[in-house]
Amino acid sequence: MTHTSPFADVLGGLAPEAWDALTGNRLYSSHDWLRFCATDIGGTTTTGGLHVPVGDGGTAAVAVTAVEHEPNSFYQWQSHLSALGLPGAGEAGLLLGQRRGYQTHLLASPGVGREQAAAAVFDAVGKLRLELAGSDLLPSTPASQPVPAFGLFLSTDDVLALRAAGAAGPPLLLAADAWIPIPDGGWNEWMHGLPSKRRVDMVRRDVKRFEDAGYRITRSTLGECYQEAAELLVGTQARYGHASDPAVLAESFRRQAAAMGDAAQVAFCGVEGEPPVGFCLYYAWGDTLYLRAAGFDYARLKDACEYFNTVYYEPIRAAAEAGCRWVHAGIEAADAKALRGAELRPLWLLDLAEDSALAGHAESIRAHNAAELQKLVASSGAVAKAVVTDAFAPYC
């Protein structure tokens, strides 16, 4: 790879201030987050930044990752495809996006339209697929053909733009992404803005049980408490069937804190004088507070709504304090998030090949997407009301 490569450094040689001028409030595309992705443990990957000139002085950009091996199944395109019996590729290839965060964004300078940016990025990705083939970054790929390239956790608007640019394969629905709007009046306005008295009463009961149990919330930076947070995260990983090593989790948190600094904030739940029973890691970034991780010592909980108070209510208060307009609550647990006012938007997998093998499976992929949406809607009344139907509609 040459010095002009997107993998010259995590920003492809672009100055950090220029890159972050493109990312705005998108935490998971930011320079600091890409620095963390480049240093996080696990897998064999290289983080970079693809940026291309557009029009008269404009720029289009996107984070990219050369993936030789990625252990996180959420970021294994071959796992998503093979689970549905769809033709795929090996695990080595080019990821459009970064390997942590479950959000990928097409970036553009002011005045550059989304479709214009997508066309420039799509063309550059095609060239990069050839450049990476058989390279030192992807030694397991044959030098005679372009490497596979997939975008994961893309928004509907970005998928539409990339499809217009030439991506032939139909997108596959990966997840519903939850966003909780925060009104100007903060906590009280948020609570009273919930769509039913039943939900307002639910929040009040949750908070009262928490307070009656003697809990309080304390805050710290991740750099000051990464070991303690990692030990609590082990409990949650185990609860959902994921074995984990606290030393490995602590090292990952340490590296995240080193890259992100004091922006990495931790809310601890506990009784004064006792070790915490839970935590939530979050980032207030631009107009959005991003929930990143949470963990609990379940054997010590008092059945006092510790999870909801620590993972939702405290971040909503923190978001209001920081002047944020949204809490990004991420994927999974759709019902709990919908009950607390979240909107649910789709995230997609997209093959970036012009000759995608998925093109011949458009009907079955659309049927799968529609079935997943129907399953989501049918899961609860709150979820059905939270789904942003127009965002799902183009590919369901």
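Heads up: numbering here begins at 1 and tracks the sequence.
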Practice prompt. Indicate whether the side chain of T59 and that of H51 have a donor and an acceptor atom separated by less than 3.5 Å.
Written response: no
Sequence neighbours left out, cut at 3.5 Å: what donor-acceptor pairs do the side chains of residues 147-156 make with other protein atoms?
unit_1	atom_1	unit_2	atom_2	d
S155	OG	D158	N	3.2
T156	OG1	W348	NE1	3.0
T156	OG1	A391	O	2.7

Worksheet item: Side-chain contact, heavy-atom cut-off 4.5 Å: V388 with L344?
Response: no
Discussion item. Under the salt bridge (charged side-chain N to carboxylate O under 4.0 Å, His left out) definition, can you give me all pairs with a residue in residues 387-396, not counting sequence neighbours?
Written reply: none
Discussion item. Count I, L, V, M, F, W, Y as connected when their side-chain heavy atoms are under 4.5 Å apart, and connections chain through other members. Are Y312 and V277 then in the same cluster?
Written reply: yes
Worksheet item: Has the side chain of T236 got a donor or acceptor atom that lies under 3.5 Å from a matching backbone atom of L233?
Response: no
Worksheet item: Distance only, no hydrogens: is a donor on one side chain within 3.5 Å (strictly under) of an acceptor on the other, for D20 and S30?
Response: no
Item to complete: Examine M191 and W179 and state if one hydrophobic cluster contains both, with Ile, Leu, Val, Met, Phe, Trp and Tyr joined whenever side-chain heavy atoms are less than 4.5 Å apart.
Response: no
Item to complete: Let me know which of Y28, W285, Y282 forms a ring-ring contact (aromatic ring centres under 6.0 Å, His included) with Y290.
Response: Y28
Discussion item. For E211, is there an ion pair with K208 - N to carboxylate O distance below 4.0 angstrom?
Written reply: no
Worksheet, complete the sentence: Heavy-atom closest pair (P276 atom, R300 atom, distance to 0.1 Å) is O-NH1, 3.1 Å
Worksheet item: Which heavy atom in L173 sits nearest to a heavy atom in L347, and how many Å separate them?
Response: CD1-O, 3.7 Å
Worksheet item: Taking a hydrophobic cluster as the set of Ile, Leu, Val, Met, Phe, Trp and Tyr residues connected by side-chain heavy atoms closer than 4.5 Å, whether directly or through intermediates, do L291 and F296 fall within one such cluster?
Response: yes
Worksheet, complete the sentence: Heavy-atom nearest pair, N25 first then G286, reads CB-CA, 3.8 Å
Worksheet item: Going by an N to O cut-off under 4.0 Å, is there a salt bridge joining D123 and K127?
Response: yes
Worksheet entry | Test salt bridge (Lys or Arg N to Asp or Glu O under 4.0 Å) applied to D201 and K197, R199, R205, the passing residue | K197
Item to complete: Test H105 against T23 for side-chain contact (heavy atoms from CB on, under 4.5 Å), laying out the working first.
Response: CA-CA 8 Å; H105 305 103; T23 64; over 6 Å; no
Worksheet item: How far apart are the C-alpha atoms of I316 and I182, what are their side-chain angles, what is the distance that settles it, and do they pass the side-chain contact (heavy atoms from CB on, under 4.5 Å) test?
Response: CA-CA 7 Å; I316 286 169; I182 306 299; 3.9 Å; yes
Item to complete: Report yes or no: is the cationic atom of R239 (NZ for Lys, CZ for Arg) under 6.0 Å from the centre of the six-membered ring of Y298, at an angle within 45° of the ring normal?
Response: yes
Item to complete: Look up atom OG1 in T44 and atom CG in L137, then write down how far apart they are to the nearest 0.5 Å.
Response: 11.5 Å
Discussion item. Could you report the tightest heavy-atom contact between L194 and L339, atom names first, then the distance?
Written reply: CD2-O, 4.2 Å
Worksheet item: Is R129 salt-bridged to E131, cutoff N-O under 4.0 Å?
Response: no
Worksheet item: Taking the six-membered ring of F36, is the NZ or CZ of R100 close enough (under 6.0 Å from the centre) and on axis enough (within 45°)?
Response: no
Worksheet entry | Expected output: side-chain W19 to main-chain G13 donor-acceptor under 3.5 Å | no
Practice prompt. Mark yes when over 12 heavy atoms from residues, nucleotides or ligands other than D212 sit less than 6.0 Å from its CG; otherwise mark no.
Written response: yes
Discussion item. Just so I know, are the side chains of H31 and V10 near enough to count as touching, which here means a heavy-atom distance under 4.5 Å?
Written reply: yes
Practice prompt. Flag yes if more than 12 heavy atoms outside E274 fall under 6.0 Å of its CD atom; otherwise flag no.
Written response: yes
Item to complete: Tell me whether I365 is reachable from Y395 by hopping between hydrophobic residues (I, L, V, M, F, W, Y) whose side-chain heavy atoms are closer than 4.5 Å.
Response: no
Worksheet item: Under a 4.0 Å N-O cut-off, is there an ion pair linking R219 with E321?
Response: yes
Item to complete: Give, for atom CG of L172 and atom CG of L358, the distance between the pair rounded to the nearest 0.5 Å.
Response: 8.0 Å
Discussion item. Please find the pair of heavy atoms, one from D40 and one from S252, that lie closest to each other, and give the distance.
Written reply: OD1-OG, 2.7 Å
Discussion item. The criterion is side chain to side chain donor-acceptor pair (under 3.5 Å); which residues satisfy it with D9, sequence neighbours excluded?
Written reply: none
Worksheet item: Hey, quick one: are L289 and W190 part of the same hydrophobic cluster, counting side-chain heavy atoms closer than 4.5 Å, chains of contacts allowed?
Response: yes
Item to complete: Might you confirm whether atom NZ of K385 has over 12 heavy atoms from other residues, nucleotides or ligands at distances under 6.0 Å?
Response: no
Discussion item. Quick check for you: to the nearest 0.5 Å, what is the distance between L232 atom CG and Q237 atom CD?
Written reply: 12.0 Å
Item to complete: Run the ring-centre check on F210 versus Y313 and record whether the distance is less than 6.0 Å.
Response: no
Worksheet item: Shortest non-hydrogen contact from L160 to P394?
Response: CD2-CB, 4.2 Å
Item to complete: Kindly indicate whether the side chain of L96, heavy atoms from C-beta on, has any atom under 4.5 Å from the side chain of T65.
Response: no
Worksheet entry | Donor + acceptor pair across side chains of D177, Q103 (<3.5 Å) | yes
For residues 75-85, dump all side-chain donor-acceptor pairs below 3.5 Å to protein atoms at least two apart in sequence or in another chain.
unit_1	atom_1	unit_2	atom_2	d
Y75	OH	Q98	O	3.4
Y75	OH	Y102	N	2.8
Q76	OE1	S79	OG	2.7
Q76	NE2	E70	O	2.7
W77	NE1	G90	O	3.1
H80	NE2	F74	O	2.9
S82	OG	Q78	O	2.8
S82	OG	S79	O	3.4

Worksheet item: To the nearest 0.5 Å, how far apart are OG1 in T218 and CD in E314?
Response: 9.0 Å
With a 3.5 Å cut-off and sequence neighbours excluded, list the donor-acceptor pairs that the side chains of residues 253-267 form with protein atoms.
unit_1	atom_1	unit_2	atom_2	d
R254	NE	E251	OE1	3.0
R254	NE	E251	OE2	3.4
R254	NH2	E251	OE2	2.8
R255	NE	E251	OE2	2.8
R255	NH1	T39	O	2.5
R255	NH2	E251	OE2	3.4
Q256	OE1	Y283	OH	2.7
Q265	NE2	D262	O	2.7

Worksheet item: Which distance, rounded to the nearest 0.5 Å, do you find between the CD of E115 and the CG of L106?
Response: 11.0 Å
Response to the item:
CG of L22 to CG of L14, rounded to nearest 0.5 Å, is 6.5 Å
Worksheet, complete the sentence: Sequence neighbours excluded, the answer for side-chain contact (heavy atoms from CB on, under 4.5 Å) partners of A338 is A382, V383, A386
Discussion item. Determine whether V64 and L95 satisfy the following criterion, side-chain contact (heavy atoms from CB on, under 4.5 Å), listing intermediate values before the conclusion.
Written reply: CA-CA 6 Å; V64 287; L95 171 68; over 6 Å; no
Worksheet item: Between the side chain of K337 and the main-chain N/O of I331, is any donor-acceptor distance below 3.5 Å?
Response: yes
Worksheet entry | Side-chain ion pair, D303 and R209, N-O less than 4.0 Å | yes
Discussion item. Using the rule given for side-chain contact (heavy atoms from CB on, under 4.5 Å), can you reason through I217 versus C269, listing the C-alpha separation, both sets of side-chain angles and the distance that settles it, and then say yes or no?
Written reply: CA-CA 5 Å; I217 297 289; C269 158; 4.0 Å; yes
Practice prompt. Compare all side-chain heavy atoms of C324 with those of T288 and state whether any distance is below 4.5 angstrom.
Written response: no
Worksheet item: Side chains of E224 and S220: donor-acceptor distance under 3.5 Å anywhere?
Response: yes
